[in-house]
Chemist: 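Have a look at this one before I ask anything.
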Amino acid sequence: MEINLFGKLILLPTDVIAAWVLMIITGPLVLYWLTKKRAWPVIWDYATSTHHRKIGTVYIIFSILFFFRAGVDALFIRLQLITPENQFWVFQGDKYNEIFTTHGTMMIFFVATPLLIGLMNVAVPLQIGANDLAFPYLNLVSVYLFVTGGMIFFAAFFFNAAPNAGWTAYAPLSTSTFTAGPNNNYYILGLQVSGLGTIFAAINMLVTILRLRAPGLKLTRMPLFPWASLITSFLILVAFPVLAIALLLLQFDRQFGSQFFMGELGHPVYWQHLFWIFGHPEVYILALPAFGIFSDIISAFSRKNVFGYTSMVAALALIGLLGLMVWAHHMFTVGLGPFANTFFAITTMMIAIPTGIKVFNWLFTMRKGVIRIQTPMLFALGFIPTFVMGGVTGVMLASAAADMQYHDTYFVVAHFHYVIIGSTVLGSFAGIYYWYPKITGKMLDDKLGKWHFWLFLIGFHLTFFPQHLAGLNGMPRRVYDYTWEDGVFVYNFISSIGAFMMGASMLIVLWNVYKTHRKKEENAGADPWDGRTLEWSVPSPSPEHPFEKMPVISRRDPLWWAKLEKKELPHTENHRASPVSVKTVQPMFLSVALTIMSFGFIYGWIWMQILGGAAALASFVIRAFNDERKPAYEREEMDNEQ
Amino acid sequence: MKKLAMIPILLILSGCNLRVLDPKSQTASDQAFLIYLSFGIMMFVVLVVALLFITFTVKYRETEKNRHDIPKHEEGNRTLEIIWTVFPIILLIGLAVPTVMITYDVSYIGASSDDNALHVNVTGEQFRWTFEYENGEKTHKTLVLPKDREVIFHLTSKDVIHSFWVPKLAGKIDVLPGEETRLKVTPEETGTYQGKCAEYCGTLHADMRFETKVIKQAEFQTWLSKK
Amino acid sequence: MSSKTMSKDLYGDKRMGFFIYLFVEAIMFSTLFATYIIYTPPQMGLYPGELFKLHTVVLASVFLLSSSGTLMIAEKGLDRKNARMILTGLLITFTFGATFMYFEVDEFYKFISEGHTVAKNNFLASYFVLVGLHASHVLFGLGWMIVLLIQRKLLPFNLFAEKHRIFNYYWHFVDIIWVLIVIIVYTPYLF
Ligand code: HEA
Ligand code: HEA
Ligand code: CUA
Ligand SMILES: [Cu+2]
């Protein structure tokens, strides 16, 4: 559709128009509904509070929001691919490219990663007996950076400028020579801003886990989710800075005329190295926390301690370590030569060993236990076979010469959806059902949860299993079209049906949440699942500073043993200082500043870059003169003088 | 769990039709061999896991009888843990050795090929291919190759990265701007095979296809001279 | 629960967090060093040696490195709770840092006005990104010092000392990066 705006002719595809219309209709409705429900004070509370549970909730809510958005993209992908030579709406050519790029990028950066960080925020401090994360203020900044980055990326589509170079943004396609226009600038800025938030979150998590544990809670007594968070945070610290620099260099190529990744002078393959040095650890950043969640859940719902605790921890560390040196398995076809290819093939295969250790330990945790099948456990049970299937196709991909056949086909698409959805998505669902009482004080309905699980899991296998076969039959990924002769119609058709089953299952989740909060149910209680770890010893929803009297820990699963021996957990009054919490709007200001600056860079408006940049710097100064710890330090000074 | 059991059946049913598993050259059949081998190993792994999984979940489910049992505390089991560390290592060595051998085989190295080889220059650009033969002849939509003669492709790109892929003949190789990559293949059967661009390269990436016709050597000579 | 060691605990947290942050920065700079090494010397355009001026590098280094030394005065002042020493240390460090920035900006200005810009070749591009990122760190540090100078009177001593110490780590880190820049970026092409 063409629109004449102030004499300028603007071309707008109908999907963008539809989105605007939808937004203009639903926006006011939502605002009205929020006002009617008197939700604003609550929203304001969540927007300015540094309490880890509230921040975690914000992470989770926005991730789920983005999940719906990226999921709808996936449904469009599946509709376009449902039959050969199909013409669904506008999703051919560049529009299709925009949609899979948005889908992939959003799912990885604005769904999977923050969903897990959100769950860490909610659970980790409680599991280790800390009153909050080490830096509550920084934590609020992190969540704002994530939301800001996500929103910048989200906005691209509304300005008809969704990124279109794939989530991997391979150069030289992603440079301005081949994709002019602001599209991929949105990708760069969105990831840059949210990536910074992720780095801060990881620092926070690391310090919290290393320094804020309850007395007696040695690292060797820590539950596995905090362990996984610890190692994940370390991986984030190694991987995300590399991404930040890669994006910076790409931005120089796009906007300031350098040629790092293109032209006569640049090396396109260098981008691939940088991207995958980040990208491969990133996939373990997605998987490890999920492993942690499952370890805790499987143990709790089998009424048994984790089997082979030490090797579980060692395996986490090994996966993390090996994960840092396998990146080139994404580049087997680039022509790095057989030596590099076999080297990376072998290191990649080695990851199967620690992962296998984990799988068998989970299985043997269940053995001789009493397996209570409630929703969180159901997700954990669905995870094991699903993830193993995805993992073993990963090992098939690792076989370098064979990967030359699989690479960039739907076989790879099938592999990574099996591992990511198998671990991260099922893990996050499990975690949400599991900790929902800790977050809200209410239990999600178990029956609806089971419906959600089965519909999702069956839909999932229907969607992605046939894609292995489509890939082996020569269907490349990132194509909007195929022919009848390709012989992949049936696979794609089944796949599209499965995708809609997954979509339907998500509607059940919405219904479940709605239903749970509609009725004024009594509180779920501190320990609804008969849990084993510390988070179940504090009230639900978890209060601020729940461990004013710190529990003293003498072994793993302290709550379980206390319950078994019918004793209270021993407490101490004398322990280290808690982090200082605060209510603040400063991060909001920073978020606005960064939004302005980012749009300045996206559209190359220098005055906006300067304005936003100056405002962002100003927020440092404002912060420097408004330190929430000042009163506490003053009090201490007075106490000490007496 | 039924789904797991159906995998091999499904695959065997469709296996012979899948292009990647229907090789028409030594290179592609080496790769197909690797795929079958790794698939076999992986099926074994999946079956072991599935077996344990089903046994445990069925046997140790919560029932009226065991509802109030407290399972015994169990730190781990050294022997078991050694078993599931060592077995995967053995399986992986079984996969790694042929992987290394075949990877070296299929990677085109230097001048070690025979003099009779046919050299074809392949150029990728948005969004078409150019195949240039030694006598300067060029084609775009079809790549014609002689049967049983070694072909060496010299590939470069004019713009972004593409990837040259004829599933029945060989795995793909990327086509980079400003750099030459090579691929060596000896087609062993006449026929027409699909060729595709397998690296996302922009708007019409999906349409960057070509046909590969493998014909008898004599026919090839006449075809080439007629052009 | 306000234990007597509150500020110690919180400072400990912060110091660890900041060290981790510096680790992140170190990785960013390593990536840029790698980039620089890959693209230098350039395939076309001037050889780096013809561009770099020994005396600029030496002068800049002298000022920046000795500023790390003068910052020690302020650190001593913190230990002894001596306001004079803190002030002197900060002021001298600030002056030296600013002088360093003068040489940096001067060098950048010369390069650019002679047409050696980011777009010329990738040696220059990676040079500008790497050294530019370092220079912006120094600039940020200068701003930080101003803030510290003002905060001196406003904050309880423990809080000020904490902020000051964190700054010290930052400044020393930036200095170390400069040493690496001298070793990796300049030296191979100066002699
Ligand atoms: C959560 C995310 C996640 C996880 C955990 C993994 C896990 C693994 N991945 Fe995957 N991968 C991705 C996400 C992930 N991957 C993504 C997103 C891509 C594509 C990116 C893109 O191009 O867009 C990708 C692509 C990808 C490729 C490149 C394919 C290509 O583009 O050509 C390769 C190649 O080696 C690979 C290998 C592996 C391996 C060996 C594992 C291993 O870690 C798996 C280990 C697990 C098991 C093996 C199962 C359990 C083990 C046992 C039961 C023990 C016994 C097993 C054996 C003896 C085999 N992956
Ligand atoms: C966390 C990671 C993640 C997750 C969860 C998913 C989830 C899904 N993905 Fe995703 N996918 C990627 C990461 C992920 N993907 C990546 C990284 C790529 C590569 C991109 C690239 O090549 O650059 C990719 C690519 C990709 C492709 C290949 C595109 C191509 O190469 O051409 C396909 C095709 O089928 C696909 C499908 C799906 C489907 C059907 C789901 C489903 O699971 C989605 C289920 C969710 C829903 C269906 C949402 C439910 C919502 C509703 C039902 C809303 C109803 C709303 C209203 C009524 C308003 N994905
Ligand atoms: Cu060329 Cu894809
Ligand atoms: Cu990988």
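The sequence lines fix the lettering, A, B, ..., with proteins before strands; numbering per chain opens at 1.
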Chemist: What are the two closest non-hydrogen atoms of Ala119(C) and Gln259(A), and how far apart are they?
Modeler: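 The answer is O-NE2, 3.9 Å.
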
Chemist: What part of Glu162(C) is in contact with chain A, defined as an atom under 4.5 angstrom from a non-hydrogen atom: side chain, backbone, both or neither?
Modeler: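 Just its side chain gets close to chain A.
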
Chemist: Name the region of Phe157(C), side chain, backbone, both or neither, that has any atom closer than 4.5 Å to a heavy atom of chain A.
Modeler: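 Both backbone and side chain of Phe157(C) come within 4.5 Å of chain A.
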
Chemist: Let me know if Gln43(C) has heavy atoms under 4.5 Å from chain A in its side chain, its backbone, both or neither.
Modeler: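 Contact with chain A involves the side chain of Gln43(C) alone.
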
Chemist: What option among Ile20(C), Val129(C), Ile146(C), Asn122(C) has the most heavy-atom pairs under 4.5 Å with chain A?
Modeler: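 That would be Asn122(C).
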
Chemist: Where is the tightest heavy-atom contact between Ser7(C) and Tyr633(A), given as atom of each residue plus distance?
Modeler: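 Closest pair (atom of Ser7(C), atom of Tyr633(A), distance): CB-CE2, 3.5 Å.
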
Chemist: Grab the two heavy atoms, one from Ala624(A) and one from Val147(C), that are nearest each other, plus how far apart they are.
Modeler: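 Nearest pair, atom of Ala624(A) first, then Val147(C): CB-CG1, 3.7 Å.
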
Chemist: Angle class for the Tyr39(C)/His267(A) ring planes (parallel below 30°, perpendicular above 60°, tilted otherwise)?
Modeler: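 Tyr39(C) and His267(A): parallel rings.
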
Chemist: Out of Phe200(A), Phe252(A), Phe256(A), which one racks up the most heavy-atom pairs below 4.5 Å with chain C?
Modeler: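 Looking at each of Phe200(A), Phe252(A), Phe256(A) in turn, Phe252(A) comes out on top.
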
Chemist: Rounded to the nearest 0.5 Å, what separates atom CG in Leu159(C) from atom CZ in Arg629(A)?
Modeler: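 Those atoms lie 5.5 Å apart.
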
Chemist: Side chains of Lys163(C) and Asp627(A): closer than 4.5 Å at any heavy-atom pair?
Modeler: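 Result yes, sub-4.5 Å side-chain heavy-atom pair found.
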
Chemist: Specify which of Pro241(A), Ser258(A), Ala632(A) makes the most heavy-atom pairs with chain C at under 4.5 Å.
Modeler: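 Option with the greatest count: Pro241(A).
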
Chemist: Could you tell me which of Leu32(C), Asn158(C), Thr35(C) has the largest number of non-hydrogen atom pairs under 4.5 Å with chain A?
Modeler: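 When all of Leu32(C), Asn158(C), Thr35(C) are compared, Thr35(C) has the most.
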
Chemist: Surrounding CD of Glu114(C) (heavy atoms of other residues, nucleotides or ligands, distance under 6.0 Å), is the total greater than 12?
Modeler: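 More than 12 heavy atoms, drawn from other residues, nucleotides or ligands, come within 6.0 Å of this atom.
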
Chemist: Just how far is it from atom CG of Leu265(A) to atom NZ of Lys120(C), taken to the nearest 0.5 Å?
Modeler: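 Reported value, rounded in 0.5 Å steps: 11.5 Å.
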
Chemist: So which of Leu133(C), Ile150(C), Leu148(C), Val118(C) has the largest heavy-atom pair count under 4.5 angstrom toward chain A?
Modeler: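 When all of Leu133(C), Ile150(C), Leu148(C), Val118(C) are compared, Val118(C) has the most.
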
Chemist: If you round to the nearest 0.5 Å, how far is CG of Asp9(C) from CZ of Arg211(A)?
Modeler: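 That separation rounds to 6.5 Å.
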
Chemist: Measuring heavy-atom distances to chain C, does Leu617(A) have an atom under 4.5 Å in its side chain, in its backbone, in both, or in neither?
Modeler: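 When you check distances to chain C, only side chain atoms of Leu617(A) fall under 4.5 Å.
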
Chemist: Could you pull out the closest heavy-atom pair between Phe135(A) and Asp13(C), with the gap in Å?
Modeler: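 Taking every non-hydrogen atom into account, CZ-O, 3.2 Å.
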
Chemist: If we only count heavy atoms from C-beta on, is the Phe23(C) to Val238(A) side-chain gap below 4.5 Å?
Modeler: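 A side-chain contact under 4.5 Å exists here.
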
Chemist: Can you tell me how far apart CG (Leu155(C)) and CD (Glu637(A)) are? Round to the nearest 0.5 Å.
Modeler: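 Here the interatomic distance stands at 10.0 Å.
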
Chemist: Relative to chain C, which segment of Ile245(A) carries a heavy atom at a distance below 4.5 Å: side chain, backbone, both, or neither?
Modeler: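 Just its side chain gets close to chain C.
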
Chemist: If you count heavy-atom pairs under 4.5 Å between each of Leu206(A), Leu212(A), Val207(A) and chain C, which one has the most?
Modeler: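 Looking at each option in turn, the highest pair count goes to Val207(A).
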
Chemist: How long is the straight-line distance from CG of Leu249(A) back to OG1 of Thr31(C), given to the nearest 0.5 Å?
Modeler: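 Taking OG1 in Thr31(C) and CG in Leu249(A), the distance rounds to 8.5 Å.
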
Chemist: To the nearest 0.5 angstrom, please state how far the CD1 atom of Ile38(C) sits from the OH atom of Tyr270(A).
Modeler: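 If we round to the nearest 0.5 Å, Ile38(C):CD1 and Tyr270(A):OH are 4.0 Å apart.
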
Chemist: At a heavy-atom separation under 4.5 Å, does Leu138(A) approach chain C through its side chain, its backbone, both, or neither?
Modeler: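 When you check distances to chain C, no heavy atom of Leu138(A) falls under 4.5 Å.
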
Chemist: Side chain, backbone, both or neither: which part of Leu243(A) has a heavy atom under 4.5 Å from chain C?
Modeler: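 For Leu243(A), there is no contact with chain C at all, as no heavy atom is under 4.5 Å.
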
Chemist: Restricting to non-hydrogen atoms, name the atom on Leu154(C) and the atom on Lys630(A) that form the minimum distance, rounded to 0.1 Å.
Modeler: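 For Leu154(C) versus Lys630(A), the nearest heavy atoms are O-CE, 3.3 Å.
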
Chemist: More than 12 heavy atoms of other residues, nucleotides or ligands under 6.0 Å from CZ of Phe620(A): is that the case?
Modeler: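 No, not enclosed.
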
Chemist: Please list, chain by chain and in numerical order, all residues satisfying side-chain hydrogen bond (donor to acceptor under 3.5 Å, both in side chains) with Arg80(C), sequence neighbours excluded.
Modeler: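 With neighbours one apart ignored, the set is empty.
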
Chemist: Could you tell me which portion of Ala26(C) (side chain, backbone, both or neither) has an atom closer than 4.5 angstrom to a non-hydrogen atom of chain A?
Modeler: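 Ala26(C) has no heavy atom closer than 4.5 Å to chain A.
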
Chemist: Pick one of side chain, backbone, both or neither for Ser126(C), based on which atoms fall under 4.5 Å of a heavy atom in chain A.
Modeler: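 Both backbone and side chain.
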
